[in-house]
Amino acid sequence: TPETGGIIINLNNGELCLVSGQCKSSCCHRPDALSLARCAPRAAEREVCSKKSLYETYYFCPCEAGLRCEGDWSIGGSIVNTNFGICEDPRAPK
Amino acid sequence: AEVCYGSLGCFSDDYPWSGSFERPIARLPWSPSSINTRFLLFTRDNPSNYQVISASQSSISGSKYQSYRKTRFVIHGYIDKGDENWLLDMCKTMLTVEDVNCICVDWKTGGRTLYTQAANNIRVVGAQVAELVAVFRDNFGQSPDNVHLIGHSLGAHCAGEAGRRTPGLGRITGLDPAEPYFQGCPELVRLDPSDARFVDAIHTDGLPMVPYLGFGMSDPVGHVDFYPNGGDEMPGCDKNLISQIVDIDGIWEGTRDFAACNHLRAYKYYSDTIVTPSGFLGYPCNNNKLFQSGDCFPCADGACATMGHFADTYKGSSNQKFFLNTADSKPYPRWRYKVTVTIDGSRTNTGYFNVALYTSSENTRQYQIYSGTMTPGKTYELPIDVEKDVGDVTYVKFLWNNNVINPLLPTFGATQITVQRGRDRRVFKFCGKDQVRENILQTLTAC
């Protein structure tokens, strides 16, 4: 049977979380500021993403392995957690 | 004993309706007035609020019902109710893709009682559905062949009863037909292939009632039976308690899922098949173990069948079981490919590697193909169910990692990756030469 997830850590996608460290996918995602956060899959190439931030929940998940979240990064953005971009493969020819 | 309700006929509680191991308790069905069945009609002329109709010419001719349209009924199950969201939403979804008369059957009063009573009340509800179809035939010229009954849980056997009373009924779809009081019973009692010209079923809660509380039947009941994810335990239903009850669609949906998550998946999958049929391709197979190991793949010509709304496009042989995988949360469609990867590397190393499928405009997530001892020169193969129909794959990407600090900086690369598409056996071949370190994507293009 699949690895069982815990209540606090090792959480599967769709389970309620407070910090990304609890999720197997290491992305604790909330659609908007008022809604509950749930573990969600990381963003694939060409999808909207968040850069890794101090806050532990994301409006958009960080990228999958091997990808980089390309977008406008600003101090202000990282404070209000709105540093969004698109996942790109750093080695892909432009 | 026996009870008669006028035009609906008489209902006995002798064998096989009771007096057997599967049906120990005898119950006579309630009268139509105490069950209070209501028929809620949706059409494209009234897509957002239903009209209540009854089996009388005046009521129907006063409604938006049109006999040239195919008629589909949606029948709920135990403890459920006809104006529950999923029935209304299913009708509304249907109307976005086709012009039909969609009728939700609400028999909640007859369904909110002892299960053994509800299991017999569906016989009266089935008779009432049959009566309504007869009015469509006799007074409005709609052939029963153009009528389709969709029933969930007890509603599936209710559809079977209506079908038994309606010669030439076009189709019945059983959404996780109820197990207790039906599995192992004679065909007269339950849904079976003789109840309509085409009977298809979706099984999503097939574990035995005792001790697993599996509410659905595992035995096949139709001409074609679909077992998504093996038919016993649905992905996404194993969430921890708090996450299940506080569902994304609210506490009410969460409580329903807490009570019967697997059992309710049948209608959730069905609703998605209306909009994205290509994402529910069933593969003919003898059992789930074979299918999950990659057997029964890809489809032979005309051998596969689409689960759900468009299952009647299947023209293959009857009495066939079909298997497929779905996503763990909505949207549920998935597309099955088999990925074969030959790797090369500086030396053997434990770790895992992923592959993602690309076209010029679309791509899938990364899917883990293997985890364990990665040996240069070896070939690894795995079927995967991707979340997007990317169509003809034009290139792929490979990535490996082993979550361990490797002082020797090992490198790996895929020398050849073949991707076979399930639905039409199409093979896409990609070659690569370079090797990469951990967490670096290697792109492979067509050979």
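Chain letters run A, B, ... following the sequence lines, proteins first, then strands; residues in each count from 1. Not measured: the values here are computed from a predicted model. In what follows, every heavy atom counts, from backbone to side chain, and hydrogens, waters and symmetry copies are set aside.
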**Portion of B:Asp247 that has a non-hydrogen atom of chain A nearer than 4.5 angstrom** = backbone

**Asked** Do other residues, nucleotides or ligands put more than 12 heavy atoms under 6.0 Å from the NZ atom of B:Lys429?
**Response** no

**Complete:** Closest heavy-atom pair, A:Ala92 versus B:Lys397, reported as atoms and distance to 0.1 Å, is CB-NZ, 4.3 Å

**Asked** By a 4.5 Å heavy-atom criterion (distance strictly below it), what part of B:Phe398 contacts chain A: side chain, backbone, both, or neither?
**Response** neither

**Asked** Once you round to the nearest 0.5 Å, how far does CD of A:Glu64 lie from CG of B:Leu399?
**Response** 9.0 Å

**Request:** Rounded to the nearest 0.5 Å, what's the gap from CG on A:Asn12 to CG on B:Asn240? Could you check?
**Result:** 8.5 Å

**Request:** Calculate, to the nearest 0.5 Å, the distance between atoms CD and CZ belonging to A:Glu45 and B:Arg365 respectively.
**Result:** 12.5 Å

**Message:** With rounding to the nearest 0.5 angstrom, report the CG to CD distance, B:Leu441 to A:Glu88.
**Reply:** 12.5 Å

**Request:** Specify the closest pair of heavy atoms between B:Ser243 and A:Gly14, including all atoms of both residues, with the distance to one decimal.
**Result:** CB-O, 4.1 Å

**Asked** Taking everything shown except B:Phe258 itself, do over 12 heavy atoms lie less than 6.0 Å from its CZ?
**Response** no

**Message:** Is B:Val246 close to chain A through its backbone or its side chain, or both, or neither, when contacts mean heavy atoms under 4.5 Å?
**Reply:** both

**Request:** Measure A:Arg42 against the heavy atoms of chain B and call it side chain, backbone, both or neither at under 4.5 Å.
**Result:** backbone

**Asked** With a 4.5 Å heavy-atom cut-off, do A:Arg91 and B:Thr443 have their side chains touching?
**Response** no

**Item:** B:Ile248, CD1: over 12 other non-hydrogen atoms inside 6.0 angstrom
**Value:** no

**chain B interface, residue from A:Pro31, A:Ser35, A:Pro41 that has the most non-hydrogen pairs under 4.5 Å** = A:Pro41

